[in-house]
> 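There's a structure below that I have some questions on.
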Amino acid sequence: MKLVTTSGKVPANLPSVEATAADSFRQSKGVASSVRSHQTGPAMSRSLIDGLNPPQREAVLDDSPALLVLAGAGSGKTRVITHRIAHLIDVLHVPPFQILALTFTNRAASEMIERVEKLVLDPQASDPSISTFHSLCARILRKYAPAVGLSPSFSIYDSDDQLSLLMGVVHELSSSTDYERKTSPSLTSSEGGNKRAGLDRNKVRELLGELEACKNAGINVQSARERARGAQGELVAEVYARYSEALTQANAVDFGDLILRTTDLLRENPRIQHQLRDRWRHILVDEFQDTNPAQFKLLSALVGDHTERGRTFVVVGDDDQSIYSWRGADVANMLEFQEKFAAKLIKLEQNYRSDPPILDIAAKLIARNQYRLPKTLWSDRGEAAPIVAKPCLDDRGEARFVSREIRRLCLDQQLNYSDFAVFYRTNAQSRILEEQLRADGVPHCIIGSVGFYDRAEIKDLLAYLRLLVNPSDRIALLRVLNVPTRGIGAKTLAELEALSRPREGNLAQTLQGVASGALHLRSKRALPGINSFVALMAHLRDRLDEPPSQLLQALLDETNFIDHLENRQTRSKDAVSHVAELVGALLSFESEPGDSSLAAFLERVTLDRGPAVDDEGQQATGVVNLMTIHSAKGLEFDTVFVTGLEDELLPYKRREEEVDTEEERRLCYVAFTRAKHRLFLSWASRRQLHGLWHRGEVSPFLVGLPGIGVSAPAPRPDPQQHRRPPAFAPRATDETVEPLPDYESETQLRREPLAEDSQTHFGETHIVYDEEEVYPTGPRPAKRNDKRERANKELTPGDHVTHSRYGVGLVLELEDRPEGVMATVDFPMTGHKSIYTRFLRRY
DNA sequence: GAGGGTATCTTTTTT
DNA sequence: AGATACCCTC
Ligand SMILES: Nc1ncnc2c1ncn2[C@@H]1O[C@H](COP(=O)(O)OP(=O)(O)OP(=O)(O)O)[C@@H](O)[C@H]1O
């Protein structure tokens, strides 16, 4: 596996935020330079307009101060934005640096950059600012950091960092006497009394959720304090305040802060506000239905008086595609926009993306939603491939189906791999798909995968790098202080913290003090470790102006990091190669034009966790894209697979929580409408999740949808292997294999999902299983534990067992748990123990 | 304080 | 299944 940095994919198309013309000509890192033709003005403006239908044209040419384009999927909203930008530059001769276009994902931003570069003809034109909200804010904050009490080298905290920080904050809060009584019941766990007395991670996580909600709503600490109601409300406000303080002390911001603090910066500094308003006179926002109030406030602050001459503000959106309400997104923003800015409204009604069958089921699906703004959508495309609905026995079968269809279509239809996208609701579903594609040699790429940068060893190294750039980064410091182990354990740390308290909790300073002999620890044991750590950091900081990759190399050498990895069997065997990949990523980052500083690298890594590309996949034929439906928003593909269309998975149901059916349906709608020509819908009767099997029914979203012909499997080369009625093969009677959990009987699987609608149907059309799936996975390779667990099925209380550690013991009790059978065993030496039977052996 | 072994929980979605 | 939090022993 090879890590490929996202060169050309990063919307860092944002010159310095200063409003000088000169700097906006400098092309920022990651932006592929465009090939522009050299036509002259009039010719190009005609072709620019030619590619638009009348309402689109109106939206591009419109010069009202504020414009809302409300339109369904694939109607050309993004096209309106890109053409409008080109029109501004080429026809109205607006200096590109005055244009600011905002998107939600990095991928959307880079696609927009690409499209704009193809459209703009003026070869002299510089790049307009096209970026995500968060990148924009990071740039602005770096520029004006001192005005908000930060240094420009501030860190950006991801959710793990946030959680660590908040744990510390809450910990301190609950140990301080005033708050003890208030906080303990709500912040510490008392469930079942079997938990430790300490802080409950989940509780803190919940609390973090509340803070995030504030941030999404655009509520800063001050207004949180003002509006706090009740004990719980005040507690949250207090935690919020302390958390923000801790962030500032660490010279760090979190994602929410990027938006919030930028807004505050503008509000509190009229001079800066004017500078930025002067600079960006034309603001365009894509996917506006997914802005949250914080972003709305930011935009308002950035726009100022929108009626000012020569200023325009355009937003485009589709309420049916609002899928981020969990992040505080509010469709009401569209209405508010219309009101607040007295915006003109333009609707687009023609869909240019999807073939009729696709548009048809998408429309039928979304029509069931109750809360919608009125819209129409039609298409005049011609004949098309039928939609394929595919029931599968299990997730593995589904993955095989996807892989096989992709390979088949590549051959039959001469499609490229990059014409395909595979969608799923949850990231966990990607693994089996990925495995299968890899096994079949299909080049692919998981978009937005949590992968590389989440590995422990990579996080450690990044924390080191962060700490070098930002010495105040407390969380990074805590993470690496004892990695590799230097003999600085919990005891020492507690003492260091205590020593830091009078110094504003500045751990770094305390360490320095201890190393220089100004401060003393009770025990000398940790001293060598502290000394070497302080020396290491000092030495590396001296070399900060060297290329980042060299710095990393020095870090690796001086900490013997590789040895450290190799000595620990618990770490994955690939850890060392991951480190090598990180070095490679840095090298490749350095080779890109633009800012190659370590700080720039770190910012990219947090703001845009680039795709992990598998199998050197970027040849001419491209790669198959795997992604969650959420990250598919705004994209389009020739052929789309929507997988996992199961009840409680696609309308996703969380334990003990209500389903937000309308939002889930919108999500499904987004998934369907990404497809241009071919749409495959699949679901599995059983699926493994967290190591457990779950049974699945076809998604209610599919029930009653017309026009879905269930197609036969691809003709196979071997004529003996064709059509076969659904049937389950007799299970192999391999003693070593745990019986598969029994799933729905054949009739149930065949049950018409479309009971109500007999016109168009899954009905008479046979649902045909492929040979492969009828005899599903075959016997799974027997796993040791399976075998042992099975042998232990017959264990009863009173039996004697052995355990690798505790020796021989007597089984007292057995209890069935989802994870296995839990035994209570009496061992002569150690007493009663609860142990899963898979760790036991009959004696 | 380190390291090995076990019990438990997880992420739904993203910047 | 995989990561992590916790416990125990050295
Ligand atoms: N007037 C047009 N002529 C030809 N093709 C068009 C026209 N308008 C849009 N398209 C094409 O239709 C497809 C969808 O356009 P676009 O992505 O702008 O739609 P959208 O409204 O932003 O979609 P969504 O909301 O689903 O993201 C694109 O491939 C675009 O090139």
Side-chain angles (χ1 to χ4, degrees), chain A residues 11 102-109 131-138 156-160 162 194-196 198-202 205 212 215-216 253-259 290 292 294-295 323-329 423-429 431-432 447-448 450 454-456 482 484-493 523 525-526 529 567-572 606-609 627-633 644 648-655 657 659-660 663-664 666-667 670 688-692 783 785 803-806 817-820 822 830 833-836 838-839:
Chain A
L102 291 171
T103 63
F104 283 84
T105 63
N106 293 289
R107 175 138 183 180
S131 94
T132 63
F133 274 90
H134 290 87
S135 309
L136 172 75
C137 290
I156 300 174
Y157 276 7
D158 68 14
S159 43
D160 279 351
Q162 284 181 287
N194 59 344
K195 296 264 166 66
R196 60 234 153 256
L199 290 173
D200 185 328
R201 222 186 159 72
N202 288 325
R205 195 167 296 182
E212 293 272 82
K215 295 189 178 209
N216 289 333
V253 297
D254 60 25
F255 284 112
D257 272 358
L258 285 171
I259 312 286
D290 282 322
N292 59 34
Q295 289 161 326
I323 52 176
Y324 281 92
S325 66
W326 51 275
R327 218 171 66 179
F423 299 154
Y424 34 82
R425 177 66 232 264
T426 67
N427 282 305
Q429 293 164 249
R431 176 149 29 115
I432 193 153
I447 306 291
V450 276
D454 285 334
R455 300 184 204 277
N482 202 27
T485 47
R486 303 187 167 83
I488 310 174
K491 273 269 164 54
T492 311
L493 195 56
S523 153
R525 221 163 116 191
N567 290 339
R568 297 187 53 167
Q569 296 93 331
T570 37
R571 299 257 171 162
S572 104
T606 28
L607 254 33
D608 181 14
R609 338 164 97 237
M627 67 190 91
T628 62
I629 302 172
H630 280 91
S631 37
K633 189 178 61 153
E648 308 208 336
L649 182 59
L650 193 30
Y652 191 86
K653 166 103 170 64
R654 236 179 108 109
R655 219 161 57 90
E657 271 177 43
V659 180
D660 184 346
E663 174 137 326
E664 295 292 318
R666 288 192 293 270
L667 197 52
V670 168
Q688 212 172 14
L689 184 64
H690 307 317
L692 293 175
K783 291 214 174 154
N785 286 342
H803 182 268
S804 53
R805 179 183 193 91
Y806 305 118
R817 301 243 195 131
E819 301 91 341
M822 172 70 83
T830 36
K833 292 272 169 203
S834 295
I835 295 174
Y836 283 109
R838 77 181 92 102
F839 297 117

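On a predicted model such as this, the values are computed, not experimentally measured, just so you know. For the numbers below, each heavy atom of this structure counts, side chains included, while hydrogens, waters and symmetry mates do not. Chain naming here is simple, since letters A, B, ... match the order of the sequence lines and numbering starts at 1 in each.
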> Rounded to whole angstrom units, what separation is found between the CG atom of A/Asp160 and the C1' atom of C/dT4?
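It is 12 Å, rounded to the nearest whole Å.
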
> Taking only the side-chain nitrogens and oxygens of A/Ser631, find out if one of them lies under 4.0 Å from OP1 or OP2 of B/dT14.
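For A/Ser631, the contact criterion (side-chain N or O under 4.0 Å from OP1 or OP2 of B/dT14) is met.
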
> Does B/dT12 have its OP1 or OP2 closer than 4.0 Å to a side-chain nitrogen or oxygen of A/Asn427?
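So the side-chain polar atoms of A/Asn427 never come under 4.0 Å of the phosphate oxygens OP1 or OP2 of B/dT12.
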
> Round to the nearest Å and state the distance from A/Phe133 atom CZ to B/dT15 atom P.
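It works out to 14 Å between those atoms.
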
> Output the rounded distance in Å from CD1 (A/Ile259) to P (B/dT14).
17 Å

> So for A/Arg654 and B/dT12, does any side-chain atom that can act as donor or acceptor lie under 3.5 Å from a complementary atom in the base?
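Not at all, since no donor on one side and acceptor on the other fall under 3.5 Å apart.
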
> Nearest-nucleotide wise, let me know which of A/Arg205 and A/Tyr324 is further upstream toward the 5' end of DNA chain B.
A/Arg205

> May I ask you to decide whether A/Lys653 forms a salt bridge with A/Glu664, counting only side-chain N to carboxylate O separations under 4.0 Å?
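Salt bridge: no.
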
> Among the candidates B/dT15, C/dG2, B/dT12, find the nucleotide nearest to the side-chain atoms of A/Arg431.
C/dG2

> Minimum heavy-atom separation for A/Leu607 and A/Ala138, please, with both atom names.
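Residues A/Leu607 and A/Ala138, closest heavy atoms: CD2-CB, 3.9 Å.
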
> When all nucleic acid strands are considered with a 4.0 Å heavy-atom cut-off, which category describes A/Asp158: base, sugar-phosphate, or nothing?
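Nothing, no nucleic acid heavy atom in range.
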
> Rounded to whole Å, please give me the gap between OH in A/Tyr652 and P in B/dT10.
11 Å

> I need the OH-P distance between A/Tyr157 and B/dT15, as an integer number of Å.
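About 21 Å, once rounded to whole Å.
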
> Answer yes or no: is there a donor N or O on one side and an acceptor on the other, between the side chain of A/Asp290 and the main chain of A/Ala329, under 3.5 Å?
no

> Is there a side-chain contact between A/Asp660 and A/Tyr652 (heavy atoms, below 4.5 Å)?
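No; the side chains remain at least 4.5 Å from each other.
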
> Quick check for you: among C/dA1, B/dG3, B/dG1, whose closest atom lies nearest to any side-chain atom of A/Thr492?
B/dG1

> I'd like to know if the side chain of A/His134 and the backbone of A/Leu258 have a donor-acceptor N/O pair within less than 3.5 Å.
no

> Rounded to whole angstrom units, what separation is found between the CG atom of A/Asp454 and the C1' atom of B/dT11?
12 Å

> Write down the distance between CG (A/Leu692) and P (B/dC9), rounded to a whole number of angstrom.
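One finds 13 Å between P of B/dC9 and CG of A/Leu692, rounded.
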
> Would you mind reading off the distance between A/Trp326 atom CH2 and B/dT11 atom C1', rounded to a whole angstrom?
11 Å

> On DNA chain B, compare the nucleotides closest to A/Ile488 and A/Thr606; which residue's is nearer the 5' end?
A/Ile488

